[in-house]
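Treat the numbers as computed from the prediction; the structure is a model and nothing was measured.
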Amino acid sequence: MSPNIGITTKNLKKSATILATILSNEMTLYVKTRKFHWNISGNSFMELHKLFEDQYRILENNIDEVAERISQLGEKTIGTMKEFIENSTLKESPKEYASQKHMLQELLENHEQLVTEFRDFIPVFETDNHDIGSADFITGLLQQHEKMAWILRRYQV
């Protein structure tokens with residue numbers, strides 16, 4: 001049954017499509033952060049190991065929340081790695097094992113990219129799709145990514 005929440009079926013689908021991209025990016029960043037957590041070494045090993053763990057736990061929660069938002073809009077949620085890779089704007093680095101400095105830089109750039117994309121998505125949710133709930137939801141995610149980016153930025157010298 002389609003939701004009757006004051007948003008047209010067409011706009012619900014458009015919102016869900018954007019949310020699928022967001023979900024894919026959250027999943028890509030989660031996997032990347034987890035990989036870095038497993039492979040961090042050098043000075044500040046334990047501190048960064050714990051930082052990456054804290055961040056991937058936040059991302060893990062975000063993944064579930066975004067998937068549930070898609071479902072709330074009456075759409076099916078993608079769920080395979082192939083679908084996530086196809087829908088993600090973030091890029092992976094398979095078979096590459098970055099230095100500590102590069103890990104921090106890559107994660108920072110990814111969080112900043114998501115913040116920028118969210119800023120573009122919010123007006124589409126609000127104005128084009130009349131989906132204030134998703135706009136508000138994504139604003140909360142934007143704030144989380146701003147904070148994670150700020151923490152990572154503090155490690156840059």
Side-chain angles (χ1 to χ4, degrees), residues 3 5 7 11-12 14-40 44-81 83-93 98 100-157:
I5 56 175
I7 303 172
N11 286 344
L12 288 169
K14 287 179 2 185
S15 286
T17 299
I18 295 169
L19 288 165
T21 298
I22 292 168
L23 176 64
S24 298
N25 285 336
E26 295 285 336
M27 182 61 83
T28 301
L29 188 52
Y30 167 80
V31 170
K32 187 180 293 189
T33 305
R34 195 97 199 220
K35 176 184 175 183
F36 290 169
H37 165 79
W38 290 329
N39 290 290
I40 190 73
S44 305
F45 158 75
M46 188 52 69
E47 179 181 348
L48 291 173
H49 185 74
K50 289 179 180 180
L51 171 66
F52 294 161
E53 182 175 358
D54 289 344
Q55 290 195 349
Y56 77 64
R57 290 192 188 284
I58 292 167
L59 294 167
E60 185 176 38
N61 186 62
N62 289 353
I63 290 163
D64 193 53
E65 294 290 324
V66 175
E68 288 179 1
R69 181 69 190 164
I70 293 168
S71 184
Q72 290 168 17
L73 297 181
E75 296 297 318
K76 296 289 185 193
T77 302
I78 62 173
T80 67
M81 294 309 296
E83 290 169 313
F84 294 137
I85 291 167
E86 289 171 352
N87 285 285
S88 181
T89 62
L90 298 179
K91 301 300 174 213
E92 294 186 300
S93 304
Q100 189 180 91
K101 180 179 179 180
H102 185 78
M103 287 178 185
L104 291 164
Q105 184 62 37
E106 188 171 345
L107 292 176
L108 172 60
E109 289 170 2
N110 285 183
H111 284 284
E112 290 179 335
Q113 178 182 332
L114 294 186
V115 167
T116 301
E117 289 178 10
F118 290 170
R119 289 189 196 291
D120 292 337
F121 291 149
I122 290 168
V124 175
F125 284 124
E126 286 180 340
T127 306
D128 297 350
N129 298 352
H130 306 289
D131 184 359
I132 304 304
S134 291
D136 184 59
F137 172 66
I138 297 308
T139 300
L141 291 180
L142 179 147
Q143 292 168 332
Q144 288 180 351
H145 284 282
E146 283 179 334
K147 184 170 184 179
M148 287 187 277
W150 167 71
I151 292 168
L152 293 165
R153 197 175 305 111
R154 301 299 285 183
Y155 282 95
Q156 304 299 312
V157 181

>> Taking ring-ring contact (aromatic ring centres under 6.0 Å, His included) as the definition, give me every residue that meets it alongside H145, ordered by chain and number, with sequence neighbours left out.
In response: H111, F118
>> For the CG atom of D128 and the CD atom of E126, what is their distance to the nearest 0.5 Å?
In response: 10.5 Å
> Closest approach of A20 and N87, non-hydrogen atoms and distance?
Replying inline: O-CB, 4.2 Å
> Less than 4.5 Å apart, any side-chain heavy atom of L23 and any of M27?
Replying inline: no
> Yes or no on side-chain contact (heavy atoms from CB on, under 4.5 Å) for V31 and M81, after CA distance, side-chain angles and deciding distance?
Replying inline: CA-CA 10 Å; V31 170; M81 294 309 296; 4.3 Å; yes
>> Suppose we screen for ring-ring contact (aromatic ring centres under 6.0 Å, His included). Which residues come up paired with H49, at least two apart in sequence or across chains?
In response: H37, F45
>> Under the criterion side-chain contact (heavy atoms from CB on, under 4.5 Å), I'd like the reasoning laid out for I18 against I138: C-alpha separation, chi angles, the key distance, then a yes or no.
In response: CA-CA 11 Å; I18 295 169; I138 297 308; over 6 Å; no
>> Could you go through L142 and I122, starting from their C-alpha distance and side-chain angles, then the distance that decides it, and tell me whether this counts as side-chain contact (heavy atoms from CB on, under 4.5 Å)?
In response: CA-CA 10 Å; L142 179 147; I122 290 168; 4.1 Å; yes
> So which of L107, L104, L48 actually passes side chain to side chain contact (heavy atoms under 4.5 Å, CB included) with F36?
Replying inline: L107
Sequence neighbours excluded and cut-off under 3.5 Å, please list the side-chain donor-acceptor pairs for residues 57-69, or say none.
residue, atom, partner, partner atom, Å
R57, NE, E53, OE2, 3.4
R57, NH2, E53, OE2, 2.8
N62, ND2, E26, OE1, 3.3
N62, ND2, Q144, OE1, 2.9
R69, NE, S134, OG, 2.9
R69, NH1, Q72, OE1, 3.2
R69, NH2, D131, OD1, 3.0
R69, NH2, S134, OG, 3.2

> Using 4.0 Å as the upper bound for N to carboxylate O, is an ion pair formed by K91 and E109?
Replying inline: no
> If you measure from OG1 on T17 to CD1 on I22, what distance do you get to the nearest 0.5 Å?
Replying inline: 11.0 Å
>> Set out, in order, the CA-CA distance, both residues' side-chain angles and the distance that settles side-chain contact (heavy atoms from CB on, under 4.5 Å) for Q55 and L152, then state yes or no.
In response: CA-CA 10 Å; Q55 290 195 349; L152 293 165; 3.8 Å; yes
> So, K14 side chain and V124 main chain: donor-acceptor pair closer than 3.5 Å or not?
Replying inline: no
> What is the distance from atom OG1 of T116 to atom CZ of F121, rounded to the nearest 0.5 Å?
Replying inline: 11.0 Å
>> Show the nearest heavy-atom pair for residues S71 and T77, with the distance to one decimal.
In response: N-OG1, 4.1 Å
>> So which atom in L108 and which in A149 form the shortest heavy-atom distance, rounded to 0.1 Å?
In response: CD1-O, 3.3 Å
>> For I5, give me all partners under side-chain contact (heavy atoms from CB on, under 4.5 Å), at least two apart in sequence or on another chain.
In response: P3, I7, L12, L73
>> Has E83 got a side-chain atom pairing as donor or acceptor with G79's backbone, closer than 3.5 angstrom?
In response: yes
> Do the side chains of L114 and E117 get nearer than 4.5 Å, heavy atoms only?
Replying inline: yes
>> Show the nearest heavy-atom pair for residues M103 and N39, with the distance to one decimal.
In response: CE-O, 3.7 Å
> In chain order, what residues pass the side-chain contact (heavy atoms from CB on, under 4.5 Å) check against T28, with sequence neighbours excluded?
Replying inline: S88, L90, E92
>> Rounded to the nearest 0.5 Å, what separates atom CD1 in I132 from atom OG1 in T139?
In response: 9.5 Å
> Between S15 and F125, which heavy-atom pair has the shortest distance, and what is it?
Replying inline: OG-CD2, 3.5 Å
>> Could you check whether any side-chain N or O of Q113 sits under 3.5 Å from a backbone N or O of T89, counting only pairs where one atom can act as donor and the other as acceptor?
In response: yes
>> For a quick test of reading the model, state the closest non-hydrogen atom pair linking D120 to P123 and the distance between them.
In response: O-CD, 3.4 Å
> Sequence neighbours excluded, which residues qualify as side-chain contact (heavy atoms from CB on, under 4.5 Å) partners of E47?
Replying inline: S44, Y155
